[in-house]
Amino acid sequence: MGMVELEGVTKSYGKNRVLEEISLSAEKNEFLVVLGASGEGKSTILNIISGVVRPDKGRVIIDGEVVDDSGKTYIPPEKRDIGYVFQNYALYPHMTAFDNIAFPLRMRKLPENEVKKRVLEVAEMLRISHVLDHKPSQLSGGQQQRVAVARAIVKEPKLLLMDEPFSNIDPALRASVRWELKVLVKKVGITTIMATHDQEEAMSLADRVALLRKGRFIQYDAPEKIYEHPVNAYVAEFIGGMNVLPLNDRLAGIIQEQLGVKVSTGEKLFGFRPEHTAISDTRGIPVRVLGGEFRGEKWVYVVDLGLDRPAKIFSQSRIQADTTIRILPRRLYFFGEDESTTRIEEIV
Ligand SMILES: Nc1ncnc2c1ncn2[C@@H]1O[C@H](COP(=O)(O)OP(=O)(O)OP(=O)(O)O)[C@@H](O)[C@H]1O
């Protein structure tokens, strides 16, 4: 049994069905990311786990204890031993960083010398010792986030929940703050569930990603597995930006002739990743180069395959716009009528 289990959780707000029989299991010390577009219900999931919101149906189990069975059993948030980092951090504005972090310990009536010891320890770990006498308004976004994380973990909870914890941090700093946070939660050894809409953030942090869409988890797996084996065209595009394109008779013919892969009837879409595409002089799918952008380590080109939408490819060298080239994807994905993945073909 995992540290956190959701079993068949359903939640509606009025007529708006937000969660539909979702189940989830996070192992002890796992870093789980709930990924979904805005409004898909990520915060609702965290709120159900923390106990702020109750499910209509299903059960919530933390460390083997049923904390909500959507009936009589309901353990309130303050008794669930959870640390919560809110999207806007929700620091108490009139308190110093020290007092913010100390707050959950003082609520538990710990002796003041113990409070001080623990606050100083966690502040050092998060490198905010020098700003402990500052009020939130005197802190940078990154420092505020660290105070919020410190406040959430200072009582050594069983579980850490974080709702979009990087959204208020300068994009240039996000990658390093993200990395620090991952190192920290692994060092402390705490089961973490984080909500985000940012697939790159999810991929870089998660042991496993639970991808939420239309009230359900459509894929729940390690980031590499989702990247390599997306269950459908939506996941393929959302995770890592695969080119997903309609498969007409002309393209099916080119794929068979040039890449040696026979297309089956019923396969309606095909896909390939920009980073899996080589440019070939001898064979491949002919495309017209519409334009490109220099990104330092590579060029990103938009190319036209004669379909209703263009594709992206990466290249190490400059290609003239308006020329026709041949592209050779290393791996091709095929999707059926309902857009689920039918097969993956390695091109040799
Ligand atoms: N208290 C509430 N009353 C009514 N509707 C709500 C309530 N809380 C959330 N909702 C609705 O439930 C849906 C899911 O909201 P939720 O905040 O869980 O999504 P989210 O994925 O976290 O989105 P975001 O990333 O924008 O915060 C939305 O349609 C939202 O309007």
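This is a predicted model, so every value here is computed, not measured. Numbering starts at 1 and runs along the sequence shown.
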Chemist: Assess the side chains of Ser43 and Asp163: does a donor N or O sit below 3.5 Å from an acceptor N or O?
Modeler: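 Yes, side-chain donor-acceptor contact under 3.5 Å.
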Chemist: Check this for me, if you would: do Lys11 and Asp68 make a salt bridge, where the nitrogen-to-carboxylate-oxygen distance has to be below 4.0 angstrom?
Modeler: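 Salt bridge: no.
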Chemist: Verify side-chain contact (heavy atoms from CB on, under 4.5 Å) between Ile347 and Arg283, making sure each step is shown before the conclusion.
Modeler: CA-CA 12 Å; Ile347 310 298; Arg283 66 170 182 140; 4.2 Å; yes
Chemist: May I ask you to check whether over 12 heavy atoms, not counting those of Glu200, lie within 6.0 Å of atom CD?
Modeler: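 Not more than 12 within 6.0 Å, no.
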Chemist: Which atom pair, heavy atoms only, marks the closest approach of Gly58 to Pro55?
Modeler: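 Distance-wise, the nearest heavy atoms are O-CG, 4.5 Å.
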Chemist: Is there a side-chain contact between Tyr84 and Asn47, using heavy atoms and a 4.5 Å cut-off?
Modeler: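 Tyr84 vs Asn47: side chains touch.
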Chemist: Short question: side chain of Asp69, backbone of Thr73 - any donor-acceptor pair under 3.5 Å?
Modeler: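 A pair under 3.5 Å: yes.
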Chemist: Please answer: with hydrophobic residues joined when any side-chain heavy atoms are less than 4.5 Å apart, are Phe272 and Val300 in the same cluster?
Modeler: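 In one cluster: no.
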Chemist: Just checking, is any N or O donor in the side chain of Thr191 or Glu30 under 3.5 Å from an acceptor N or O on the other one?
Modeler: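 No.
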Chemist: Tyr301 vs Ile319, test: side-chain contact (heavy atoms from CB on, under 4.5 Å). Steps then yes/no.
Modeler: CA-CA 8 Å; Tyr301 287 99; Ile319 312 170; 3.8 Å; yes
Chemist: In Å and rounded to the nearest 0.5 Å, what is the CG to CG distance from Leu269 to Leu247?
Modeler: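 Here the rounded value is 7.5 Å.
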Chemist: Please determine whether side-chain contact (heavy atoms from CB on, under 4.5 Å) holds for the pair Glu27 and Met3, giving the CA-CA distance in whole Å, both sets of side-chain angles, and the decisive distance to 0.1 Å.
Modeler: CA-CA 5 Å; Glu27 303 301 319; Met3 177 54 107; over 6 Å; no
Chemist: Taking everything shown except Glu112 itself, do over 12 heavy atoms lie less than 6.0 Å from its CD?
Modeler: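 Count over threshold, so yes.
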Chemist: Identify every side-chain donor-acceptor pair in residues 121-135 under 3.5 Å, counting partners at least two apart or on other chains, and give the distances.
Modeler:
| residue | atom | partner | partner atom | Å |
| --- | --- | --- | --- | --- |
| Arg127 | NH2 | Glu180 | OE1 | 3.4 |
| Arg127 | NH2 | Glu180 | OE2 | 2.2 |

Chemist: Is the cationic atom of Arg343 (NZ for Lys, CZ for Arg) positioned less than 6.0 Å from the six-membered ring centroid of Phe335 and within 45 degrees of its normal?
Modeler: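 Judged by the rule, Arg343 and Phe335 form no cation-pi pair.
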Chemist: How about Val287 and Ile325: do any of their side-chain heavy atoms sit closer than 4.5 Å?
Modeler: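 With C-beta onward as the side chain, the pair touches.
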Chemist: Would a hydrophobic clustering, with Ile, Leu, Val, Met, Phe, Trp and Tyr connected at side-chain separations under 4.5 Å, put Met242 with Val303?
Modeler: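 Unlinked, Met242 and Val303 end up in two clusters.
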Chemist: Do the non-hydrogen side-chain atoms of Ile279 and Ile313 ever get within less than 4.5 Å of each other?
Modeler: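 Yes - at least one pair of side-chain heavy atoms lies under 4.5 Å apart.
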Chemist: Answer yes or no for Arg213 and Tyr234: cation-pi contact, defined as NZ/CZ to six-membered ring centre under 6.0 Å and angle to ring axis within 45°.
Modeler: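 Because its charged atom sits under 6.0 Å from the ring centre and within 45° of the axis, Arg213 does stack over Tyr234.
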Chemist: So does Ile190 get a backbone contact from the side chain of Thr192, meaning a donor-acceptor N/O pair under 3.5 Å?
Modeler: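 Here the side-chain-to-backbone pair exists.
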Chemist: With a cut-off of 6.0 Å (strictly less than), are more than 12 heavy atoms of other residues, nucleotides or ligands near CZ of Arg318?
Modeler: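 Incorrect, the count does not exceed 12.
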Chemist: Output yes when a side-chain donor or acceptor of Arg17 lies under 3.5 Å from a complementary backbone atom of Ser12, and no otherwise.
Modeler: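 No, the answer is negative, given that no donor and acceptor are paired below the 3.5 Å cut-off.
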Chemist: Taking a hydrophobic cluster as the set of Ile, Leu, Val, Met, Phe, Trp and Tyr residues connected by side-chain heavy atoms closer than 4.5 Å, whether directly or through intermediates, do Val115 and Leu120 fall within one such cluster?
Modeler: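 Yes; tracing contacts between hydrophobic side chains, which count when under 4.5 Å, links both residues.
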Chemist: Has the side chain of Arg208 got a donor or acceptor atom that lies under 3.5 Å from a matching backbone atom of Leu32?
Modeler: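 Not confirmed, Arg208 side chain does not pair with Leu32 backbone.
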Chemist: Got Pro136 and Asn100 here, is their nearest side-chain heavy-atom distance under 4.5 Å?
Modeler: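 Side-chain contact under 4.5 Å: yes.
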Chemist: Please walk me through it: do Lys28 and Asp207 pass salt bridge (Lys or Arg N to Asp or Glu O under 4.0 Å)?
Modeler: CA-CA 12 Å; Lys28 195 167 172 12; Asp207 294 318; over 6 Å; no
Chemist: Is there a path from Val149 to Leu161 through hydrophobic residues (I, L, V, M, F, W, Y) whose side chains come within less than 4.5 Å of each other?
Modeler: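 Each belongs to a different hydrophobic cluster.
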Chemist: Are a donor atom and an acceptor atom from the side chains of Ser280 and Arg326 found within less than 3.5 Å of each other?
Modeler: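 There is no such pair between these side chains.
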Chemist: Are the side chain of Thr341 and the backbone N or O of Val231 linked by a donor-acceptor pair below 3.5 Å?
Modeler: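 Looks like yes, one N/O pair under 3.5 Å.
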Chemist: Is it true that a side-chain atom of Thr96 and a backbone atom of Asp99 form a donor plus acceptor pair closer than 3.5 Å?
Modeler: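 Yes, Thr96 side chain to Asp99 backbone: donor-acceptor pair under 3.5 Å.
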Chemist: Check this for me: does any side-chain nitrogen of one of Glu20 and Lys214 sit under 4.0 Å from a carboxylate oxygen of the other?
Modeler: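 Salt bridge absent between Glu20 and Lys214.
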Chemist: Give a yes or no on whether the backbone of Leu212 and the side-chain of Tyr220 come within a donor-acceptor separation of less than 3.5 Å.
Modeler: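 Judged by distance alone, no pair lies under 3.5 Å.
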Chemist: Do Thr323 and Gln320 have side chains that get closer than 4.5 Å, going by heavy atoms?
Modeler: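 Of all side-chain heavy-atom pairs linking Gln320 with Thr323, at least one is under 4.5 Å.
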Chemist: Going through the checks in order, is the side-chain contact (heavy atoms from CB on, under 4.5 Å) test met by Phe31 and Val185?
Modeler: CA-CA 8 Å; Phe31 198 126; Val185 295; 3.4 Å; yes
Chemist: Does any non-hydrogen side-chain atom of Met194 lie less than 4.5 Å from one of Glu201?
Modeler: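 Touching, per the 4.5 Å side-chain cut-off.
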Chemist: What do you reckon, are the aromatic ring centroids of Tyr333 and Phe270 less than 6.0 Å apart?
Modeler: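 No.
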Chemist: Could you label the plane-to-plane angle of the Tyr227 and His276 rings as parallel, tilted or perpendicular, counting under 30° as parallel and over 60° as perpendicular?
Modeler: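 If you compare the ring of Tyr227 with that of His276, the planes turn out perpendicular.
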Chemist: Should the pair Lys116-Glu114 be classified as a salt bridge under the 4.0 Å nitrogen-to-oxygen rule?
Modeler: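 No, Lys116 and Glu114 are not salt-bridged.
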Chemist: Are any side-chain N or O atoms of Gln145 and backbone N or O atoms of Ser167, one a donor and one an acceptor, separated by less than 3.5 Å?
Modeler: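 Side chain of Gln145 to backbone of Ser167: no pair is present.
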Chemist: I need the minimum non-hydrogen distance between His197 and Leu35, along with the two atoms involved.
Modeler: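 Closest pair (atom of His197, atom of Leu35, distance): C-CD1, 3.7 Å.
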Chemist: Among pairs that include at least one residue of residues 58-67, which meet side-chain hydrogen bond (donor to acceptor under 3.5 Å, both in side chains), considering only residues two or more places apart or in two chains?
Modeler: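 Passing the test, one end in residues 58-67: Glu7-Arg59.
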Chemist: Inspect the surroundings of NZ in Lys312 and state if more than 12 heavy atoms from other residues, nucleotides or ligands are less than 6.0 Å away.
Modeler: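 Atom NZ in Lys312 is not packed in, count stays at 12 or less.
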Chemist: Return the minimal non-hydrogen interatomic distance between Arg80 and Val60, and the atom names on each side.
Modeler: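 Shortest heavy-atom separation between Arg80 and Val60 comes out as NH1-CG1, 4.5 Å.
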Chemist: Determine whether a donor-acceptor pair (N or O, by modelled atom type, separation under 3.5 Å) exists between the side chain of Tyr89 and the backbone of Pro165.
Modeler: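 Side chain of Tyr89 to backbone of Pro165: a pair is present.
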Chemist: Just how far is it from atom CG of Asp198 to atom CE of Met203, taken to the nearest 0.5 Å?
Modeler: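 The distance works out to 11.0 Å.
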Chemist: Tell me whether Lys186 contacts the main-chain N or O of Asn29 through its side chain, where contact means a donor paired with an acceptor under 3.5 Å.
Modeler: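 Yes.
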Chemist: Is Leu46 linked to Ile61 within one hydrophobic cluster, defined over Ile, Leu, Val, Met, Phe, Trp and Tyr using a side-chain heavy-atom separation of less than 4.5 Å?
Modeler: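 No, because Leu46 and Ile61 fall into different hydrophobic clusters, even though each may have its own neighbours under 4.5 Å.
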Chemist: Any side-chain heavy atom of Leu24 within less than 4.5 Å of one from Glu5?
Modeler: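 Leu24 does not reach Glu5 side chain to side chain.
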Chemist: Between the side chains of Ser204 and Arg178, does any donor sit under 3.5 Å from an acceptor?
Modeler: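 Ser204 vs Arg178: donor-acceptor pair found between side chains.
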Chemist: Identify the two heavy atoms, one from Ala206 and one from Pro223, that lie closest to each other, and give their separation to 0.1 Å.
Modeler: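 Scanning both residues, the minimum pair turns out to be O-CG, 3.5 Å.
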Chemist: Is there side-chain contact between Pro286 and Ile254, with heavy atoms separated by less than 4.5 Å?
Modeler: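 Of all side-chain heavy-atom pairs linking Ile254 with Pro286, at least one is under 4.5 Å.
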Chemist: Quick one about Ser340 and Asp338 (side-chain donor to acceptor, distance below 3.5 Å, no hydrogens or angles considered), yes or no?
Modeler: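 Yes - a donor-acceptor pair under 3.5 Å links their side chains.
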Chemist: Do other residues, nucleotides or ligands put more than 12 heavy atoms under 6.0 Å from Lys158 NZ?
Modeler: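 Above 12, so yes.
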